[in-house]
Q: 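My questions will all concern the structure given below.
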Amino acid sequence: WLADNHHKGVSAVPAVTIHSSPTFAAEFLESDPTEWSKLLIDAAAHHVDSTVTSFKTHRWRYAEPQRTLDSGAIILDDGAPVVLAGEVFAGAKVEGAHASGRAGANSLLEVL
């Protein structure tokens, strides 16, 4: 997927972030970044009305959970409560992380 960083307000100049699929990331994880970055740029070209003038690459080895627990969040209460929350507890992507954070906060409020 693509994110328009200028539109989001995180870049003063037009810039996009290109994210690959988990399958693509796994296939090219140990490859030379110049190899897979070109593939991503080419795949995004028909969505971006501009030429690439520069780019940076980054690998997130653990960017998406392989399995989720679908428990919302987990609270550990052994003296002082600790909440474990994140996308692994409520579904992948930012929506799962948000839902898990809310579930964790609600669990914590119940304990306190």
Side-chain angles (χ1 to χ4, degrees):
W1 61 265
L2 296 171
D4 182 337
N5 298 323
H6 184 68
H7 180 75
K8 288 179 8 182
V10 297
S11 177
V13 297
V16 297
T17 298
I18 304 170
H19 287 258
S20 74
S21 68
T23 303
F24 181 96
E27 181 180 344
F28 291 97
L29 184 63
E30 302 301 335
S31 299
D32 180 350
T34 57
E35 176 187 347
W36 51 264
S37 58
K38 173 89 168 96
L39 295 172
L40 291 175
I41 291 167
D42 289 348
H46 69 278
H47 296 289
V48 180
D49 188 24
S50 182
T51 57
V52 174
T53 58
S54 66
F55 65 91
K56 293 182 193 179
T57 60
H58 181 73
R59 293 183 182 108
W60 285 341
R61 186 175 299 273
Y62 305 108
E64 188 171 300
Q66 298 293 315
R67 291 180 298 279
T68 58
L69 302 175
D70 299 324
S71 61
I74 295 175
I75 189 159
L76 308 173
D77 192 4
D78 189 20
V82 173
V83 176
L84 304 177
E87 61 189 89
V88 72
F89 297 104
K93 306 215 182 303
V94 70
E95 295 84 1
H98 179 265
S100 179
R102 290 183 60 88
N106 289 332
S107 295
L108 188 58
L109 287 171
E110 289 175 16
V111 170
L112 299 175

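For clarity, every value in this text was computed on a predicted model and none was experimentally measured. This chain uses plain numbering: 1 for the first residue, then up along the sequence.
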Q: Answer yes or no: are there more than 12 heavy-atom neighbours, outside D32 itself, under 6.0 Å from its atom CG?
A: yes

Q: Is it true that a side-chain atom of H6 and a backbone atom of S11 form a donor plus acceptor pair closer than 3.5 Å?
A: yes

Q: When rounded to the nearest 0.5 angstrom, what is the spacing between CZ in F24 and CG in L40?
A: 4.0 Å

Q: If you round to the nearest 0.5 Å, how far is NZ of K8 from OG1 of T17?
A: 6.0 Å

Q: If every non-hydrogen atom of G72 is compared with every non-hydrogen atom of S100, which pair is closest and at what distance?
A: O-OG, 2.6 Å

Q: Please go through V83's hydrophobic cluster and name the other residues, only I, L, V, M, F, W, Y counting, with side-chain heavy atoms under 4.5 Å joining them.
A: I75, L108, V111, L112

Q: I need the W36 CH2 to S20 OG distance, nearest 0.5 Å.
A: 7.5 Å

Q: Say whether L76 and L69 are linked into one hydrophobic cluster, either directly or through other cluster members, by side-chain heavy-atom distances under 4.5 angstrom.
A: yes

Q: Residues two or more places apart in sequence or in another chain: which of them pass salt bridge (Lys or Arg N to Asp or Glu O under 4.0 Å) with D42?
A: K38

Q: Strictly by side-chain hydrogen bond (donor to acceptor under 3.5 Å, both in side chains), give each pair with a member in residues 68-85 just once, sequence neighbours left out.
A: T68-D70

Q: Within the supplied structure, the quantity of interest is the number of heavy atoms (other residues, nucleotides, ligands) at a distance under 6.0 Å from H19 NE2; does it exceed 12?
A: yes

Q: Check residues 52-59 and write down every donor-acceptor pair under 3.5 Å in which the side-chain atom is one partner and the other belongs to a residue at least two apart or another chain.
A:
unit_1	atom_1	unit_2	atom_2	d
H58	NE2	W60	NE1	2.4
R59	NE	L29	O	2.7
R59	NH2	S31	O	2.3

Q: Would the number of heavy atoms belonging to other residues, nucleotides or ligands and lying under 6.0 Å from NE2 of H98 be above 12?
A: no

Q: Give the minimum heavy-atom separation between V48 and L2, together with the two atoms involved.
A: CG2-CD1, 4.1 Å

Q: How would you list all residue pairs meeting salt bridge (charged side-chain N to carboxylate O under 4.0 Å, His left out) that involve residues 85-98, not counting sequence neighbours?
A: E64-K93

Q: State which residues pass salt bridge (Lys or Arg N to Asp or Glu O under 4.0 Å) with E110; sequence neighbours excluded, sorted by chain then number.
A: none

